[in-house]
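This report concerns only the one structure given below.
Bear in mind that the values here come from a model prediction, so they are computed numbers and not experimental data. Residues: numbered from 1 along the sequence shown.
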Amino acid sequence: MSEALVITSGKGGVGKSTLAANLSLSLADGGQRVVLIDADTGLRNLDVLLGMENQVVYDLTDVAEGVCRLKQALVKVKHNEKLCLIAAAQMRDSGSVTPAQMKDIVGKLKEQFDWIIIDCPAGVDRGFRTAIAGADRAVIVALNDAISVRDAERAGALIVKAGLPKPMLVCNRMLPEKLRKDETPAWQKLGERLDMQVLGVVPEDEEIRYALQEGTPVVRCDCAAGAAFIRIARRLKGETVPVAEIREKGFFARLFGRKPVRKEVKHGE
């Protein structure tokens with residue numbers, strides 16, 4: 001049975017789009033048929049994150065307005081043919097796609113895909129309402145700071161008010177020292193404070209920056225953040241895997257602050 005999942009945060013800059021892209025690719029690597037929708041009209045970036053900025057012809061607004069057929073806006077992602085992207089329009093405002101249109105588009109996509117992942121724009125205005133309209137469940141991305149937590153609380157309340165189940169939580173950029181096993185971890189406290197099930201924890205990892213610079217998805221890198229995204233995908237499918245994992249850098253990387261040695265992990269390895 002197909003499921004539509006919206007990835008939101010309440011505020012920008014918390015790594016929401018990075019999670020959406022890497023979660024989608026992880027699900028596709030696991031054999032699922034996945035479509036990733038960039039609902040951030042006017043500020044699209046998923047095509048860049050996936051190295052596809054020159055492949056987009058039609059976008060989500062074109063589909064909503066009947067400029068093109070739905071299948072014409074589906075672009076296969078080069079990293080895995082089971083993953084497709086529908087890009088957001090760059091030169092339109094957040095009202096160019098209505099909640100009813102989003103719901104209709106998602107309904108049609110459910111006939112072809114196992115997962116529809118919707119990357120929600122930051123904030124809780126029209127774009128937020130449109131993005132959540134087609135979703136069955138929601139994931140909120142939050143940092144372990146007061147502003148992010150407050151915005152996550154607000155987004156969570158609006159999601160429940162819209163009739164969706166209580167959202168799941170992904171704690172992003174968690175510092176390694178906050179993952180110690182000898183005390184209650186910060187991610188657990190954050191989940192309790194927000195009263196949300198913690199779906200996963202992504203540690204602070206400089207490899208994300210290197211991956212973005214090189215146009216490589218983080219899940220294709222042998223790094224802690226990539227492993228975390230894969231665990232989130234597995235937990236989303238119902239598998240029993242740890243919420244968080246401690247992965248220490250090598251001694252010399254810690255001592256000299258050097259970039260860790262990294263290899264690209266190919267699909268299927």
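- Residues Arg33 and Trp115 fail the side-chain proximity criterion, which asks for heavy atoms closer than 4.5 Å.
- In this structure, the side chains of Phe229 and Leu23 stay at 4.5 Å or more apart for every pair of heavy atoms.
- The closest donor-acceptor contact from the side chain of Asp62 to the backbone of Asp59 lies under 3.5 Å.
- Rounded to the nearest 0.5 angstrom, Leu27 CG and Asn80 CG are separated by 10.5 Å.
- When hydrophobic clusters are built by joining Ile, Leu, Val, Met, Phe, Trp and Tyr residues whose side-chain heavy atoms come closer than 4.5 Å, directly or via intermediates, Val56 is not grouped with Val97.
- Rounded to the nearest 0.5 Å, atoms OG (Ser2) and CG (Leu109) are 9.5 Å apart.
- Residues Leu194 and Val149 have side chains in contact (heavy-atom distance under 4.5 Å, counting atoms from C-beta outward).
- At a threshold of 4.5 Å between non-hydrogen side-chain atoms, the residues Val35 and Leu85 do not count as touching.
- Within 6.0 Å of CG on Leu212 lie more than 12 heavy atoms contributed by other residues, nucleotides or ligands.
- Put simply, the side chain of Asp40 never gets that close to the backbone of Asn45: no donor and acceptor are under 3.5 Å apart.
- Lys110 NZ: more than 12 foreign heavy atoms inside a 6.0 Å radius.
- The side-chain heavy atoms of Leu199 and Leu169, taken from C-beta on, include no pair separated by under 4.5 Å.
- Here the side chains of Val34 and Phe113 are not in contact, with every heavy-atom distance at 4.5 Å or above.
- Side-chain atoms of Ser148 do not come within 3.5 Å of backbone N or O of Asn144 as any donor-acceptor pair.
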- Message: Go through it in stages, so that I can follow the logic: the residues are Cys120 and Ile7, the test is side chain to side chain contact (heavy atoms under 4.5 Å, CB included), and I'd like the CA-CA distance, side-chain angles, deciding distance and then a yes or no.
- Response: CA-CA 6 Å; Cys120 182; Ile7 312 294; 6.0 Å; no

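- Residues Met52 and Val77 form a side-chain contact, since some pair of their non-hydrogen atoms from C-beta on lies under 4.5 Å apart.
- No side-chain donor-acceptor contact under 3.5 Å links Ser96 to the backbone of Arg92.
- Side-chain atoms of Gln188 never come within 3.5 Å of backbone atoms of Pro185 as a donor-acceptor pair (strictly under, hydrogens ignored).
- Taking all atoms of both residues into account, the shortest heavy-atom contact from Ile159 to Pro165 is CG2-O, 3.9 Å.
- The minimum heavy-atom distance linking Met196 with Gly156 is given by the pair CE-CA, 4.1 Å.
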Starting from the C-alpha separation in whole Å, work towards a yes-or-no answer on side chain to side chain contact (heavy atoms under 4.5 Å, CB included) for Ile116 and Ile118. CA-CA 6 Å; Ile116 297 91; Ile118 305 165; 4.1 Å; yes

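- In this structure, the side chain of Asp205 does not engage the main chain of Ile208 through any donor-acceptor pair within 3.5 Å.
- A salt bridge is absent between Asp145 and Arg173; no separation between the charged side-chain nitrogens and carboxylate oxygens falls under 4.0 Å.
- Under the 3.5 Å distance criterion, the side-chain polar atoms of Asn22 are matched with a main-chain donor or acceptor of Thr18.
- Nearest heavy-atom pair across Gly134 and Val106 is O-CG1, 3.3 Å.
- Other residues, nucleotides and ligands contribute at most 12 non-hydrogen atoms within 6.0 Å of the CZ atom of Arg69.
- Counting non-hydrogen atoms of neighbouring residues, nucleotides and ligands closer than 6.0 angstrom, the CD atom of Glu81 reaches no more than 12 such neighbours.
- Inspection of the Ser17 and Asp119 side chains reveals an N or O donor paired with an N or O acceptor under 3.5 Å.
- Judged purely by atom type and a 3.5 angstrom limit, Asn172 has no side-chain atom pairing as donor or acceptor with the backbone of Leu143.
- Residue Cys171 comes nearest to Leu190 through the heavy atom pair SG-CD2, 3.7 Å, listed as atom of the first residue, atom of the second, then distance.
- The distance from atom CG of Leu70 to atom CD of Glu111, rounded to the nearest 0.5 Å, is 9.5 Å.
- Here the shortest heavy-atom pairing between Ile232 and Gly200 reads CG1-CA, 3.7 Å.
- The residue from Lys237, Arg220, Lys82 that alone fulfils the salt bridge (charged side-chain N to carboxylate O under 4.0 Å, His left out) condition with Asp29 is Arg220.
- Here the CG atom belonging to Leu36 is positioned 11.0 Å from the CG atom belonging to Leu74, to the nearest 0.5 angstrom.
- When hydrophobic side chains of Ile, Leu, Val, Met, Phe, Trp and Tyr are connected at separations under 4.5 Å, Val57 ends up clustered with Tyr58, Val67.
- Distance CD/Gln32 to CG/Leu236: 9.5 Å, rounded to 0.5 Å.
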Notebook entry, point to check: Could you go step by step and tell me if Ile132 and Thr8 meet the side chain to side chain contact (heavy atoms under 4.5 Å, CB included) rule?
Noted result: CA-CA 9 Å; Ile132 68 174; Thr8 186; 5.5 Å; no

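- For the atom pair Leu5 CG and Leu164 CG, the distance stands at 9.5 Å (nearest 0.5 Å).
- Put simply, the side chain of Ile140 does not reach to within 4.5 Å of the side chain of Met168, judged on heavy atoms.
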| said: Checking Val124 against Asp151 for the side chain to side chain contact (heavy atoms under 4.5 Å, CB included) test, could you report, in this order, the C-alpha distance in whole Å, the side-chain angles of both residues, the deciding distance, and whether it holds? | reply: CA-CA 9 Å; Val124 290; Asp151 290 340; over 6 Å; no

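- The pair Asp125-Arg129 does not count as a salt bridge, with every side-chain nitrogen at least 4.0 angstrom from each carboxylate oxygen.
- Under a 4.0 Å N-O distance rule, the pair Asp38/Arg44 does not qualify as a salt bridge.
- Considering all non-hydrogen atoms of both residues, Pro121 and Ala131 come closest at CD-CB, 4.2 Å.
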